[in-house]
Amino acid sequence: MAIEVRIPTILRTYTGGEKAVTAEGASLAAVIDDLETNHPGIKERLIDAGDLRRFVNVYVNDEDVRFIGGLEAELSDGDQVVVLPAVAGGAG
Amino acid sequence: MLTIDRATYDAIVDHAKRDHPDEACGIVAGPEGSDRPTRLVEMVNAAGSPTFYEFDSTELLALYKQMWANDEEPVVIYHSHTATEAYPSRTDIGLASEPGAHYVLVSTREHGNNPGPVEFRSYRIVDGEVTEEDVTVVDELPAVG
């Protein structure tokens, strides 16, 4: 069950500079746990208080996971996961 | 230092004035590692707000896929402040996630939608630390190499 995960520049410190890594898991939550095993520290950058961080976007096969179950989104072999930090800000 | 061509500079200012009083946002992509801002992409501010901006998540993915296909990266990430100075807010600093990009801020507080000068300033934002840099506007970007 190989899932390709595309890593954004700001998180490549956790992947030794790799732009994409492979992870295993039948759900997004499981894939993130697997990422954490091989790239310690990355999970905290993606998840806060048991949910995806507000300003981190995760896509499965080009679909924003917020629309397909969030962390419970189901994955199968060959799926592609993309992580992109939000581009956001403002005067506040 | 940010070196940017006049046409791109003017287009960013035009975008900021057009969207005032909401914040305008976008990027200028360029070849990876080149530090050359060559392809302006105006983005929709999905927040539609005078005090916040956010790229729509679907458009964000489309934008990055296009850049990956072109071997590009975001050289400039710009947005406007419409009532305050062109300096990164605490929100801007907290959410900045492209350590390699020039973060450009334009303030339209003085003239709004109307003609007139704007503040146009550029920063590096890395690990919560803001460093302002000079902006050099040229007629055309220097030839590669």
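Chain letters run A, B, ... following the sequence lines, proteins first, then strands; residues in each count from 1.
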Where A:Ala88 and B:Phe52 come nearest, the two heavy atoms and their spacing | CB-CZ, 4.1 Å

Go through the side-chain N and O atoms of B:Ser57 and A:Asp64 and say whether any donor and acceptor fall under 3.5 Å apart.
-> yes

Where does B:Tyr64 contact chain A at under 4.5 Å (heavy atoms): side chain, backbone, both or neither?
-> side chain

Which atoms of A:Arg6 approach chain B - backbone, side chain, both or neither, heavy atom under 4.5 Å | side chain

Is it true that B:Glu32 and A:Lys19 make a salt bridge, defined as a side-chain N closer than 4.0 Å to a carboxylate O?
-> yes

Kindly say whether A:Ala91 contributes a backbone atom to a donor-acceptor pair with the side chain of B:Glu23 at under 3.5 angstrom?
-> yes

If you count heavy-atom pairs under 4.5 Å between each of A:Ile10, A:Asp62, A:Asn57, A:Val87 and chain B, which one has the most?
-> A:Val87

Under 4.5 Å, heavy atom to heavy atom: which of residues 93-100 of chain B reach chain A? Give them by number, or say none.
-> B:Leu95, B:Ala96, B:Ser97, B:Glu98, B:Pro99

Chain A contact residues among residues 36-50 of chain B, heavy-atom distance under 4.5 Å = none

Measure the spacing between OH of A:Tyr59 and CG of B:Leu60 and express it to the nearest 0.5 Å.
-> 4.0 Å

Heavy-atom check, side chain of B:Trp68 versus side chain of A:Val82, under 4.5 Å | yes

B:Ile77, part contacting chain A, at a heavy-atom distance under 4.5 Å | side chain

